[in-house]
Protein chains: 2
Amino acid sequence: MTEPDRSDHPERRRRKMQSVTMSDVARAAQVSPSTVSLYLRKPEAVSERVGARVADAIETLGYVPNFVAGGLAAATSRVVSVTVPSLRNAFFSETVTELERLLSGRSLHTLVGHTEYSLEQEERLVRAALSWSPAAVVLTGHTHTDTTRDLLARSGASVVEMWDFGPDPIGRSVGFSHHAVGRCIADHFASQGYGSGAFAGARLTEDARAAQRAQGFLDGMRDRGLSARLVEVAGPASTGAGADLLSRVMEDPVRAVACSNDTVALGVMFEAARRGLRVPQDLAVAGFGDLEFAAQTIPPLTTVRPPAKRIAAAVAEAVLLGPDGDAPRRVDVKFAFCRRGSA
Amino acid sequence: MTEPDRSDHPERRRRKMQSVTMSDVARAAQVSPSTVSLYLRKPEAVSERVGARVADAIETLGYVPNFVAGGLAAATSRVVSVTVPSLRNAFFSETVTELERLLSGRSLHTLVGHTEYSLEQEERLVRAALSWSPAAVVLTGHTHTDTTRDLLARSGASVVEMWDFGPDPIGRSVGFSHHAVGRCIADHFASQGYGSGAFAGARLTEDARAAQRAQGFLDGMRDRGLSARLVEVAGPASTGAGADLLSRVMEDPVRAVACSNDTVALGVMFEAARRGLRVPQDLAVAGFGDLEFAAQTIPPLTTVRPPAKRIAAAVAEAVLLGPDGDAPRRVDVKFAFCRRGSA
DNA sequence: TTGTAAGCGTTATCAG
DNA sequence: CTGATAACGCTTACAA
């Protein structure tokens, strides 16, 4: 029990140090530091009497644990790195929100990064993430640079890919088929007898998932013997982009438009109104995302709802599971078609 | 290229450890670990020859630095904790995005947390944040629990409050007057001679900034001798909430409605259309946020643009500045009124 | 159930 | 400009 007396410690003032450490708590509670550590990590493994004393000491001293030291000693930190293309995108901000909520309940902390759809940027973020000995690395999609895959493999980190599947997943993956989403819209258009259609896409070169939805739509239409073409803009999906896209589509009019996402669909609907086109009589419109406003547009927007929360939940579970274990490495969360008035 | 021989390390198999450490790099580069460390932190302080050798060793060994160990040794980590009420809210997702971008350029990593407008939740997040010996803690608003303030004060962490000012800022603060925003809308309504008005608010009890905008609006209207009332819903600001709010407002019709934010305004406009009310002839509508879709609505939405990016930039600067120094502790970033067709 | 002791991989000090 | 050395605060075998 001979704890070092800090007051006569010659080095005490060398750097700014933590005021109350685990040793201080241990001393106050008359136990060893390892007992405090144990109590903090598995309270049930400590006797009730000792536990109470430790809790008391923590309370009165105002002890704040040092996760940095803990992470170093344990060789793995309580950090989960979450990387998404963009946080402005409602899909991803919802996923991150929910994920952060679930993880923080397990005292895991979320380190966010956004790539703006750049794989090089993703590589940089992964490199930084690995420097934190993270409990897990969560990535969006399955397209990564070779270096990224290499870095991840060599680090042995627990990896989860989300929102999409790849042929060769790195660790676990959680998502759904975006190609099927596109087909689903095409099927609906076909069933309504609209005839010709167009896909109004944004940033398709970079956004692999939007590109898959577009391809699924085109494939679906063609399989049904319907004509369909692709119109796209390079910039981010936005209401303004939607308006532009409809103008482009109307250069060679179609009866139905499937959009990159609901934001684009909103722009398409505004532009249709400006042009005096009635939806759905003159033009059918479908979106993707079932964003908050989708049920409020006039008419309400027909769209596809991706299960952002279910993705977050499954990802959280995958993170908790770790790389090993016999749980399925691939979780298909499905999506739901939301038929409303616009198509 | 002499690979480190770890096999003779008796403890090597105790736990999963880092494969390539700084010592390995040092050995490969024929220098001491301190030199490698120095090179990594200030390359210019190391001779060119040695620097090149170290860089080589890092490259060939594939060394990934360990920030956890670094943070422990330095007593301050490269983590910045950023806490916002909600990430689904476009204002905050934009701020976080921009902040993360700016900080990552300085190799600072963003730990996000969201409070759902709960101060208790904020306290929990701050407690967790402090466990990381963060380079800075960024908070939204100036209302915190006593414990939060206490924790922050005792830790000596660098604190930045954003989006709003308080009478007693903890560290630095960056924001603008939300009360002035409300007044600004009221002034505009008055100048247009609309007469009576209403504020359509969401979650005003928890969202202190929205409440201030409401109060500013009410004060502004009254100062001009105009009648104005407050209509509010408890849930989050959304398009659906906007529609509900307009229904409530029309129980006792007014000529002009100021909204909690643009999302609510969008709902108000949709509901107005459903009711056959022409905007702005029958009803003037103003929002807050200048969200992406604001310029696309029919008619385009009159709103107020908060400088989300400027906030992020000023916060990043404050983070870099640290708590000391003679730079002003309080930065007022202003806002811009966007007159468009709806009011 | 609790304690002892040996690290974890860096940074910071100080001397050369 | 470079290197030896002592922390940093905690976890984890292992022993008691």
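These numbers come from a predicted model, not from an experiment.
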Notebook entry, point to check: What is the distance from CG of A:L72 to P of C:dG9, rounded to the nearest Å?
Noted result: 7 Å
Checklist line | Reference residue B:H144; test side chain to side chain donor-acceptor pair (under 3.5 Å); the match among B:E123, B:E122, B:R149 | finding: B:E122
Next item on the list: Check for a donor-acceptor pair, side chain of B:H142 on one end and backbone N or O of B:F165 on the other, with a separation under 3.5 Å.
Entry: yes
Item checked: Upstream residue (5' side of DNA chain C) when A:G51 and A:A69 are each assigned their closest nucleotide -> A:G51
Notebook entry, point to check: Taking CG from B:L38 and P from C:dT13, how many angstroms apart are they, rounded to a whole number?
Noted result: 13 Å
Check: B:R41 side chain: which of C:dT2, C:dA12, D:dT2 is closest?
Finding: C:dA12
Notebook entry, point to check: Can you check whether B:T21 has a side-chain N or O nearer than 4.0 Å to OP1 or OP2 of C:dG9?
Noted result: no
Check: When the distance from CD of A:Q30 to P of C:dT1 is rounded to whole Å, what number comes out?
Finding: 21 Å
Item checked: Atom pair distance, as rounded to whole Å: CG in B:D24 and C1' in C:dT10 -> 13 Å
Check: Do A:S34 and A:S37 have a side chain donor and acceptor closer than 3.5 Å?
Finding: no
Item checked: Phosphate OP1/OP2 of C:dA12: any B:S37 side-chain N/O under 4.0 Å -> no
Next item on the list: Output the single nucleotide from C:dT2, D:dT2, D:dC10 whose closest atom is nearest the side chain of B:V50.
Entry: D:dT2
Checklist line | Nucleotide nearest A:A73 (side chain, heavy atoms from C-beta), chosen from D:dG9, D:dT12, C:dT11 | finding: D:dG9
Next item on the list: Answer with base, sugar-phosphate or nothing: what part of the nucleic acid does A:V68 contact at a heavy-atom distance below 4.0 Å?
Entry: nothing
Check: How many angstroms lie between OG in A:S158 and CZ in A:R172, if you round to the nearest 0.5 Å?
Finding: 7.5 Å
Checklist line | Phosphate-side-chain proximity, B:T35 and D:dG3, N/O vs OP1/OP2 below 4.0 Å | finding: yes
Notebook entry, point to check: B:Y63 near the nucleic acid: base, sugar-phosphate alone, or nothing, with a heavy-atom cut-off under 4.0 Å?
Noted result: sugar-phosphate
Item checked: Nucleotide of D:dT11, C:dT2, D:dT2 approaching B:V46 most closely (side-chain heavy atoms) -> D:dT2
Note to self: How many whole angstroms separate atom CE of A:M22 from atom P of C:dG3?
What the structure shows: 13 Å
Check: Looking for any heavy atom pair under 4.0 Å, which part of the strands does B:S34 touch: base, sugar-phosphate only, or nothing?
Finding: base
Margin query: Any side-chain N or O of B:S32 below 4.0 angstrom from OP1/OP2 of D:dG3?
Written below: yes
Note to self: In whole Å, I'd like the distance from the CH2 atom of B:W132 to the C1' atom of D:dG9.
What the structure shows: 13 Å
Checklist line | Spacing between B:K42 atom NZ and C:dA12 atom P, to the nearest angstrom | finding: 10 Å
Checklist line | B:T140 side chain to B:T83 backbone, donor-acceptor under 3.5 Å | finding: yes
Checklist line | d(CG, B:L40; P, C:dT10) in whole Å | finding: 9 Å
